[in-house]
Amino acid sequence: MAEQYSSFSRGGTGWLLQRITAAFLIVVLAFHFFQLHFVNHAADVTFAGTQARMENVGYFLTMVLFLIAGAFHGLNGVYNALVNQGLEGTQKKVVLAVLSLAGIALIAQGIWVAVAMAGWT
Amino acid sequence: MSTQQEQPQEPESQEAPEDPEMRGTESPQQERLKEKEQGLAQEEAVDESDLEGETVHLKVFRYDPEVEGKQEPRFDDFYVPFEKGMTVLDAVMYARDEFDSSLTFRHSCRQAVCGSDAFFVNGKQQLGCKTQISELKQPVRIEPLPHQEVVKDLVVDMDHFYDQMHAVEPYFQQEELPDGDLEEQRQSRENREKVKMSTRCIWCAACMSSCNIAAGDNEYLGPAAINKAYRFAMDEREDEEIKEHRLRIVEQEHGVWRCQTQFSCTEVCPKDIPLTEHIQELKREAVKKNLKFW
Amino acid sequence: MSQSYNRGLIEDFGRWKEFSAGMWAWIFHKFTGWMLIGYLFTHIAVLSTAIGAAAGDPAAIQQETDVYTTTIQGLESLFIIRVLEVGLLAVAVFHILNGLRLLMVDLGIGLSAQDKSFYASLVLTGIITIASVPTFMDGVTI
Amino acid sequence: MYEHDVIVVGAGGAGLRAAIAAHEAGADTAIVSKLHPVRSHTGAAEGGINAALREGDDWELHAYDTMKGSDYLADAPAAETLAQDAPEETIQLEHWGMPFSREDDGRVSQRPFGGLSFPRTTYAGAETGHHLLHVMYEQVVKRGIQVYDEWYVMNLVTDDAADPNDRECHGVVAYDVQSGNVEGFKANGGVILATGGPGQAFDHTTNAVSCTGDGHAMAYRAGAPLEDMEFIQFHPTSLPSTGVLISEGVRGEGGILYNAKGERFMFEYGYANNSGELASRDVVARAELTEVNEGRGVNDEYVHLDMRHLGEERILDRLENILHLAEDFEGVDGLVEPMPVKPGQHYAMGGIDVDENGQTCINGLYAAGESACVSVHGGNRLGGNALPELIVFGKRAGRHAAGDDLGTAEIETGYGPDVEDETETELPVQPGSAGLDTAGGVAADGSGVATETDGLIERAVEAERTRVDHLMDKDDGVQHAQIRAKLQKAMTDYVNVFRTDEGIRKALRVIRECREEYQDVYVDDPSRTFNTDLQQTYETRNLIDVAETIALGALVRNEFRGAHWRQENQERDDENWLKHTLISWEDGDPNIFYRPVILEGEKTYEPKVRSY
Ligand SMILES: Cc1cc2nc3c(=O)[nH]c(=O)nc-3n(C[C@H](O)[C@H](O)[C@H](O)COP(=O)(O)OP(=O)(O)OC[C@H]3O[C@@H](n4cnc5c(N)ncnc54)[C@H](O)[C@@H]3O)c2cc1C
Ligand code: HEM
Ligand code: SF4
Ligand code: F3S
Ligand code: FES
């Protein structure tokens, strides 16, 4: 009974991270909505405006974290939902792989976009 | 029904019960259930006196793999004379004894302790013997528990449920016992109070039947088995190591993480066990245990 | 149990009329979650025009004629997009509120009020959505 | 055919304890039960387990209380064994994790109970039986003991020896309820019957629908006598529609019984001018029934138990659960209206005649629990004495069947030199077999001498298959439910708390009719799958046999002792009746005889007036 001292077991980590990202998302998502619909109207968004925001390193990092958290939270949520519906074996592995790839792609693309917005290219 | 104790205090004693457990103790759980109960009663109750001398219309699910005409499931109608205090179980027993002796269902104690007669009554998992006909809308639709295979009429296959119950090592495992003749292990009142609700499970499977997750994932331990694990994991008489072992069982793939806090298990449990609460507590315990060694 | 009768899918969702609060919450949360992740992908796709804009003519950016600006403003000028945005807000608000509810449940707080908090999430979502309609619909013509 | 060393029939407290003991003694053990173990009626027990655990108490006091409570019809060695072993067995349950209620210092709680000289009833909330049953089942799971659940045991397999004392039990015949297959179970060591009470012989009982006295009837027909069957405990306050118990606590708190005319009959009609509602159980039960019989019952059926005057606050504080019981099972709100109550059959003191090792006179056949009569309870069981009986004697039977040496038993079983034949009472009808229904063991088939065990079992299996085919193939006739209802009604009308010579004779006549009608019984449900119709038809046959022994015992015992009251002789008659009533089947021809009570064990128990 003495092995397995360090790491989380799979289910537990995913569950905990889902909650932690959720807690984080509440804050940033609310901020995001306010920023882009109430403070600045979405209709008035221009590249220059976007760039002005993105150039701020703090904002940039927040948005990247927002993206990572959102992607993880969303895709992990989807994965769990599928697993809960009884996904098994290879199917499950395939779904996990596809979702992970999609997530990585999404994040990579997102970071690229953000970098472009900040004008650091 | 909001009580910490279904049973009469004790049939035997000549005196009034002394200990608080024998009386009603108020708990949030109880209050919640009381409200639930009242809500239900207002919604559905038919004034009992209106039913006096009337018949109750039952629609009962019928299926038998062997009998022609019953292989394709159907609903049969029964009209049973109403009597004051009649329960769903009384009604189906009447229908069986008077109209159709092949009507099949499990039942035994008639007092909500044997857990044999959980049915799907008007769309909710309930114990037949604990459900008053007068509180139900008519016609009363009675079906076998959903999510379990039907063996015949209202009888479902319970094997899977039993397997899940057995999967959590549902037995006390403390090896080291107090020395000396007739020495019991000590347990604080608080600790017994903590596990009390969890020990009241009668294995009726209503909870498991109501859980969508259990329906989707056959290997999911299900609320009753997790509650059983809780009963031991939280019992201070077992050593810390055994508790860890137990947590490891429930935090497996198909264990506590599967629970999506749907609460339907808690809502249908005839013994008012706060199942969701217990499951959530185990999730936190499991996370805590894992964090400890990080 | 080869003999026994399995009632199939009807078990799961054929009985939606009989679902209780916790189950509806679960279904809505799922639904909104999927919408949100779907939106996240689209959102990044749309924003990807920024790459083109950044690589393009800086003058266009000045005149607000770069792809990014035109795409977004073009989209925003569509009534349907505004409606969808309100929908997105509703979805997000519900998911957030119910997400909060779920986080509380995870912490073992207020379990006995779980149905009430679900209804509260619904009502609040409604209020917030309606309240934000003017802002969202600002400056769009049908 | 299945084969094991020890086969335990029944999975209530007694059966599970027996199986664990046999397993621990090294025997390959299997449990065969018509219900899944956790469905057994032991789960309904509430009050607690009597055991002398604490300073100031000792087993001798417990034994003394038990003997006194039994109205001196218990056998001293039995009562002493119970009292001596109960503490260890109770602590064993604790060590298995049973969630007993606790004191501040963390030790198990005990409470006072009627008839006990020390508060020695160990309890787990108001659901002691539930916990006992589940804890024991958990231990069975832990040990991996084989359980054949939802297998209905139809009969015992014994050989042909003419004298039951020479007979041997080799196994049982059972059918798998789910599939309908009839199979043989061979027991190399022994068969232990732990099938619980026969409460369904009455139409109003606190017992479960499954308490049909199957073990009683099977042992009886195999040749083991039934002992003291006339002693049935009735509880005065059970709900009319279901039989669910309303605790004595209501009366303890000041609840009042009223008849239909609104009279407080306990005083008004002088049943108990001093203690009124708080008079002892049998007195109250008889009073209620008298009211009903004399036309002052509500709906000609029950009386009212009123607690409204206690006030909502007090009721909620002390008796809240009663409100829920009345609401859940009777649809009555105890705060607004009085609760209907009537006497209900509660417990059978008698049972299969066994010694302290659980053995019957038939070799290899054991019985334990409520189906057995060691006899610990004699004429009246004390509250909290049945659960310790399950674990103490369940364990002994299990060990003995597995071959452990428990020493020679002091209690005799079967028809032997110490018995006295019944000669005086003339019976109104010929009891016993009504023709077709004679099959006891294979013996009674008269199908020649079989020596080889497997052959014996095969033939017994065949006999049951034939019986099933017969019942299923028959297209019309009488349905068991009709017969059962008639039997139950007769027993409740005539062999209830209130017994008269004439009434019992009427009951015997009805029982005879039931037997004759049973010849024409058939099973309507054509399916082999989960055919409860078939199972209940079997059970009804057992009920007829058991009911008959109850009525016969009640008829011959013309005295008032313990729970058995006779109008003709309302006194305890120690001169003539310090003896057990035994009835044996004798190939379909019931024979009644008596065996003296053993009042001398390690101590001597002088009959005294039973007053508290
Ligand atoms: C409401 C109530 C309250 C009580 N309270 C107390 C109390 O507080 N204290 C106390 O000491 N006693 C109490 N008693 C009495 C006590 O509970 C019972 O006497 C005791 O539980 C009987 O246990 P058992 O193991 O003999 O039988 P049961 O628990 O009835 O088990 C019988 C078993 O036999 C099986 N079976 C029967 N027939 C067959 C067959 N043909 N084939 C296969 N299997 C079969 C059944 O499936 C079941 O598993 C109470 C009784 C009642 C009814
Ligand atoms: C703003 C704050 C948010 C909170 C508080 C929140 C909360 C939660 C929680 C607690 C869960 C887990 C439900 C469970 O396992 O029982 C969840 C699931 C999910 N979330 Fe979020 N979430 C938020 C934002 C988002 C965003 C932005 C997305 C999309 C990118 C998203 C997509 C999902 C998805 C797809 C699921 C899985 C749903 C399912 O079970 O099918 N969430 N959310
Ligand atoms: S937890 Fe409740 S609903 Fe589930 S099996 Fe146990 S008693 Fe039944
Ligand atoms: S219904 Fe199922 S999802 Fe969890 S809260 Fe109960 S186990
Ligand atoms: S019959 Fe036992 S729980 Fe309903």
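Per chain, numbering begins at 1; letters A, B, ... match sequence-line order.
Both the backbone and the side chain of Ala102(A) come within contact range of chain C, with heavy atoms under 4.5 Å apart. Heavy atoms of Ile72(C) lying under 4.5 Å from chain A belong exclusively to its side chain. Within the 4.5 angstrom heavy-atom criterion, atoms from both the backbone and the side chain of Phe41(C) approach chain A. For Phe47(A), the parts lying under 4.5 angstrom from a heavy atom of chain C are both the backbone and the side chain. Looking at Leu89(C), both its backbone and its side chain come within 4.5 Å of chain A, counting heavy atoms on both sides. Looking at Gln62(C), neither its backbone nor its side chain comes within 4.5 Å of chain A, counting heavy atoms on both sides.
In this structure, OH in Tyr39(C) is found 10.0 Å from CG in Leu84(C), a value given to the nearest 0.5 Å.
Between the side chain of Arg19(A) and the backbone N or O of Asp106(C), no donor-acceptor pair lies under 3.5 Å. Panel note: side chain Thr46(A), backbone Gly49(A); a donor-acceptor pair is recorded below 3.5 Å.
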Would Thr69(C) and Val45(A) count as a side-chain contact (heavy atoms from CB on, under 4.5 Å) if you check the C-alpha gap in whole Å, the side-chain angles of each, and the deciding distance to 0.1 Å?
CA-CA 7 Å; Thr69(C) 311; Val45(A) 165; over 6 Å; no
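Judged purely by distance below 3.5 Å, without hydrogens or angles, the side chains of Ser117(C) and Arg101(C) pair a donor atom with an acceptor atom.
Classified by interplanar angle (parallel below 30°, tilted 30° to 60°, perpendicular above 60°), the ring pair His29(C)/His95(C) is parallel.
In terms of heavy-atom pairs under 4.5 Å with chain A, the best-connected choice from Leu75(C), Ile51(C), Ile81(C), Ile61(C) is Ile51(C).
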